[in-house]
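Working notes for the structure below.
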Amino acid sequence: MSSSGSRDVLRYGYAIGAVVVALAAGLALRSFDLEGFLFVIAVAVVVWFGGRGPGLLAVLLSMIVLDYFFLPAGNSWTGVRSHVTYFLIFAALVVLITLLSEARHRAEQTLVRARDDLEAEVQARVSELRQSNEELRSQIAERERAEEEIRRQAALLDLAHDAIIVRDFESRVTFWNRGAEETYGWTAAQATGRVTHDLLGTTFPVPSADIEAIVRERGTWEGELEHVTRDGSVIVVASRWSLRRDQRAEPVGFLEINRDITDRKRAEKSLRVAEAELAHVSRVTTLGEVTASFAHEVNQPLGAIANNANACLALLSNGRADLEEMHEALVDIVGDAERASAIIERVRALARRSGAEKVPMRLEHVVEDVVALTASEAAARHVVVRTELPAELPAVSGDRVQLQQVLLNLVVNGMDAMSTVNEKTRLLVIRGRRDTQGGSPAATISVHDSGVGLRDVDLARLFDAFYTTKPHGMGMGLAISRSIVDAHGGRLWADTDHPGPGAMFSFTLPAATQGTGG
């Protein structure tokens, strides 16, 4: 039998048991005439513990027992009426007691449920408070660990020689390490809360708003800034900005790391000056190697000028001036003078000491200038110079004189390399081709001779300063040429994988972004 069925049997058993107990008590106390009261109590107890169904059973049993054991027998109307009256009063009392009992029972059950609900709610609230308390303890512990970590990191940052600055989005300083104190002269207490750009008089390469936009988008920015220290000195710093985020990954400011590179910038400037001086010396030295060629090149137009001038004088002195013949002679004189002037201007441009000036230009014009400068030297050495320059060769951005120096050095080296081979095989080819460098358009020029090649050359040291295979060379030509090409964003190398004899040197320069140059 199920548990619910057992409970129902027990509830209805209350009715029978209560009526039996009331019967026994009534018989025992017959002399006191309490049987009605006893059965009412029995019904009330059954209703209280068993409910309405067992209560109705107890009422029915009580009426049967009362009628059988306690009411007097009689068939008269008076007897029947007394029975009916008795049972009506009994029923009324039972109903009243039943209603009162049920109402009280429901009230008690309601109170019990309310108490249980209250206890459950209290338990839930207590559980929530405990959980909240645990979370609060955990947050406090986590915050203490974070603060300890921040203090530890701050102590480590104080050991750095670089200036480390933390600032919010309004550029107010929130952290200023010891390196920043040493770099700029202001203490952390003096700098905290100040706007960095006002405090340091920052000079930006681009508007600061653009830099901050880059940091917000990419997370970092690197560049050079100028700052003013507390004593008024202007310093150059290599600056790196990073975006700071809180524990929820929300951006809250910037971390700025600055390294003083003022001395390095001065050294780089001095080095550039020294390199320019050395390049100038190298150009003059290279020009010295072809001085005889320049003299012969200039002597030709000068001799033609002298001959045409003497012819004009002879015509005038003989009194038979032919205007058409004199006009032709004068035109030749002007043309030869311009040719001589162009040769001298090319030499002066190479020999002139001047700063680098990068402008859009075409490498074909550089090749033409160098071929013209070395034409007489090539003829004297029995070297045939051939150029192969495609029309689609892109323009580059560079300094014309410096690039002439690079190509002139490669051409003279090629001529020197062919000095010991048969005169009939002395061929120097200058080729150009459209190329790519790092995925972007570029132009490449190659100088290929038919000389002895690079058999006895240490390729690893070929571009080192003071390394040379010439008996009277300084070993600076290729080193300076490579530094010039590097400064133009290009690359210079010895090409060992090429058809035919001799050596081939090539350099690549990135294409100019705009313009074509002259």
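For clarity, every value in this text was computed on a predicted model and none was experimentally measured. Scope of the values below: all heavy atoms of this structure, side chains included, with no hydrogens, waters or symmetry mates.
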Can you tell if the side chain of [X] reaches within under 4.5 Å of the side chain of [Y], non-hydrogen atoms only?
X	Y	value
Phe254	Val215	yes
Val396	Leu363	yes
Thr387	Val371	yes
Trp241	Glu212	yes
Tyr184	Ile165	yes
Leu403	His488	yes
Arg426	Val384	no

Could you tell me whether a side-chain N or O of [X] sits under 3.5 Å from a main-chain N or O of [Y], the two making a donor and an acceptor?
X	Y	result
Thr374	Val370	yes
Ser450	Leu427	yes
Glu181	Ala188	yes
Asn177	Ile164	yes
Thr425	Asn422	yes
Trp176	Trp186	yes
His365	Arg400	no

Restricting to side-chain hydrogen bond (donor to acceptor under 3.5 Å, both in side chains), what partner residues turn up for [X], sequence neighbours left out?
X	answer
Ser233	Asp231
His382	none
Thr187	Gln190
Trp221	none

So does Glu423 pair up with Arg381, basic N to acidic O under 4.0 Å?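 No.
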Dump the intermediate steps for side chain to side chain contact (heavy atoms under 4.5 Å, CB included) on Thr192 and Thr174, then the final yes or no. CA-CA 6 Å; Thr192 301; Thr174 58; 5.8 Å; no
Between Phe507 and Trp493, does a ring-ring contact (aromatic ring centres under 6.0 Å, His included) hold up when you go through it step by step? CA-CA 6 Å; Phe507 64 90; Trp493 73 97; 8.6 Å; no
With [X], which residues qualify under salt bridge (charged side-chain N to carboxylate O under 4.0 Å, His left out), at least two apart?
X	answer
Glu364	Arg362
Glu222	Arg240
Arg137	Glu134

Validation: residues 196-211 side-chain donor-acceptor distances under 3.5 Å, sequence neighbours left out:
unit_1, atom_1, unit_2, atom_2, d
His197, NE2, Ser171, OG, 3.4
Thr202, OG1, His227, NE2, 3.3

Grab the two heavy atoms, one from Ala378 and one from Met415, that are nearest each other, plus how far apart they are.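 Looks like CB-CE, 3.5 Å.
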Would you list the pairs meeting salt bridge (charged side-chain N to carboxylate O under 4.0 Å, His left out) in which at least one residue belongs to [range], sequence neighbours left out?
range	value
residues 482-494	none
residues 429-443	Glu388-Arg431, Arg433-Asp435
residues 249-261	Asp162-Arg259, Arg167-Glu256

Under the ring pair (Phe, Tyr, Trp, His ring centres under 6.0 Å) definition, can you give me all pairs with a residue in residues 429-448, not counting sequence neighbours?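 For residues 429-448: His448-His498.
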